[in-house]
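Counting starts at 1 for both ligands and their atoms, in listed order. Computed from a prediction, not measured in an experiment: that's the story for all the values here.
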Amino acid sequence: MIYYFSATGNSAWVAHTLAAATADQCEDMSTYLKSARQPAPLAPGERLGLVFPVHAWRPPRVVLNFLNQLPPPPAGCYVFAVCTMGGFAGDTFAFLRQFIRLDSCYSVLMPENYILLTGREPDSRLRRKITAAEALLPQIAAAILAGKKEFVVKRGLLAGFFTHCLGALFARRVNDRKFHTTAKCNGCGTCAGLCPLNNISLENGRPRWQGNCIHCMACLQRCPQQAIEYGKITLRRKRYVFPDSC
Ligand SMILES: Cc1cc2nc3c(=O)[nH]c(=O)nc-3n(C[C@H](O)[C@H](O)[C@H](O)COP(=O)(O)O)c2cc1C
Ligand code: SF4
Ligand code: SF4
């Protein structure tokens with residue numbers, strides 16, 4: 001079984017591509033996160049895969065929430081994790097290993113989706129990253145099928161500093177106070193349905209953010225009307241969703 005979390009589609013694509021190659025089932029963690037329903041225990045001998053984006057050189061908080069809902073994998077079950085990232089992963093997996101045993105870890109470079117830091121990357125770079133990922137995923141799938149135990153991750157320099165210092169700072173400071181909607185909002189509610197933390201409610205037909213946000217950017221990037229902005233930073237920045245935009 002492969003479980004994934006994905007705000008803008010990169011990790012969903014990686015998870016589904018791997019699942020197609022390994023004949024694993026594939027499920028969105030958000031289904032469980034949004035309902036607090038417990039995923040089924042793994043069958044003996046079943047593989048477990050986790051696929052998610054790197055957020056501030058750590059796994060997103062919702063992935064750790066999901067692990068609290070997941071019955072622990074039985075002894076002997078092969079567990080692998082794949083992170084997608086715009087640049088480098090830092091010590092994401094050392095952090096994750098505090099919460100679950102991992103046999104193999106991989107990183108896949110994908111388009112950057114943190115629109116608050118950078119606008120959408122140029123189309124040529126998006127295509128280059130996705131082409132490289134298309135070549136890498138069959139190798140990861142083959143390693144998973146062979147039950148390999150390996151660590152193939154682009155950690156970058158000063159990985160511990162990024163994960164433990166800057167990651168901690170991000171976790172403390174992240175908030176939703178600057179999200180707002182423009183007149184383009186038609187009250188469709190898509191943003192509320194997308195938020196993995198159920199942090200958006202509709203009041204008088206307009207979204208209201210409730211103060212429990214991880215900045216995954218699903219709401220802002222995927223609003224069909226492009227009606228969500230973050231302060232003034234995003235006003236002129238193009239949105240990114242895999243694969244529509246490349
Ligand atoms: C809040 C936030 C923090 C991020 N931090 C990192 C990071 O530390 N390192 C990195 O390489 N990419 C970082 N990214 C980029 C994403 O990991 C990357 O674009 C990922 O593939 C998005 O996956 P998704 O489409 O499945 O959500 C960050 C993105 C967001 C939204
Ligand atoms: S998804 Fe966009 S248009 Fe729909 S309610 Fe949310 S902000 Fe408004
Ligand atoms: S409010 Fe938006 S950015 Fe924050 S967690 Fe929910 S979907 Fe992600």
Side-chain angles (χ1 to χ4, degrees), residues 4-16 28-30 33-34 51-63 65 82-92 95 107-118 120-121 126 129-130 133 153-156 159 162-163 166-167 169-171 173-230 234 239-245:
Y4 66 88
F5 168 66
S6 185
T8 56
N10 289 349
S11 310
W13 172 70
V14 166
H16 282 288
D28 187 343
M29 291 181 196
S30 288
L33 290 163
K34 287 179 77 68
V51 183
F52 56 84
V54 173
H55 281 182
W57 309 283
R58 291 179 175 196
R61 173 159 55 89
V62 287
V63 172
N65 294 353
V82 181
C83 71
T84 70
M85 58 189 195
F88 61 100
D91 269 343
T92 291
F95 194 90
S107 64
V108 180
L109 190 66
M110 289 293 289
E112 172 66 53
N113 75 342
Y114 199 19
I115 190 171
L116 307 190
L117 278 189
T118 59
R120 206 187 80 176
E121 293 172 285
L126 295 183
K129 283 183 162 182
I130 291 167
V153 177
K154 185 181 169 196
R155 294 169 66 234
F162 279 102
T163 294
L166 297 186
L169 191 67
F170 175 84
R173 295 269 174 89
V174 64
N175 68 70
D176 59 11
R177 289 195 285 272
K178 290 190 180 168
F179 282 108
H180 60 99
T181 52
T182 65
K184 289 189 275 185
C185 174
N186 63 10
C188 69
T190 302
C191 50
L194 286 169
C195 178
L197 284 161
N198 291 326
N199 183 44
I200 302 174
S201 60
L202 284 193
E203 289 170 24
N204 301 320
R206 296 296 282 259
R208 287 281 170 276
W209 282 261
Q210 307 291 328
N212 181 23
C213 174
I214 55 165
H215 272 198
C216 73
M217 296 293 124
C219 55
L220 189 149
Q221 297 271 31
R222 293 170 65 181
C223 164
Q225 306 302 322
Q226 301 200 356
I228 302 180
E229 303 289 351
Y230 190 86
T234 50
R239 283 17 181 188
Y240 168 78
V241 178
F242 180 95
D244 312 349
S245 41

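The closest heavy-atom contact to atom 16 (C) of ligand 1, among the options Thr163, Leu220, Asn113, comes from Asn113. Of the options Ala133, Gly86, Ala56, the smallest heavy-atom separation from atom 18 (C) of ligand 1 is shown by Gly86. Taking only non-hydrogen atoms, the option from Leu109, Val241, Val54, Leu166 nearest to atom 28 (C) of ligand 1 is Val54.
Looking only at protein heavy atoms, the nearest one to atom 6 (Fe) of ligand 2 is Cys191 SG, 2.4 Å. Among protein heavy atoms, atom 2 (Fe) of ligand 2 sits closest to Cys223 SG, 2.3 Å. Of all protein heavy atoms, the one closest to atom 3 (S) of ligand 3 is Met217 N, 3.4 Å.
Residue contacts with ligand 2 include Pro224, since one or more of its heavy atoms lies under 4.0 Å from the ligand.
At a 4.0 Å heavy-atom cut-off, ligand 2 touches Pro207 through the side chain alone. Of the heavy atoms in Cys83, none comes closer than 4.0 Å to ligand 1. Residue contacts with ligand 2, taken as heavy atom pairs separated by less than 4.0 Å, involve Asn186 via backbone and side-chain atoms alike.
Interface of Gly187 with ligand 2, defined as ligand atoms under 4.0 Å from a residue heavy atom, comprises 5 (S), 8 (Fe). With ligand atoms numbered from 1 in the order given, ligand 2 contributes 7 (S) to contacts under 4.0 Å with heavy atoms of Thr181.
Atom 4 (Fe) of ligand 2 has an N, O or S atom of Cys188 closer than 2.8 Å.
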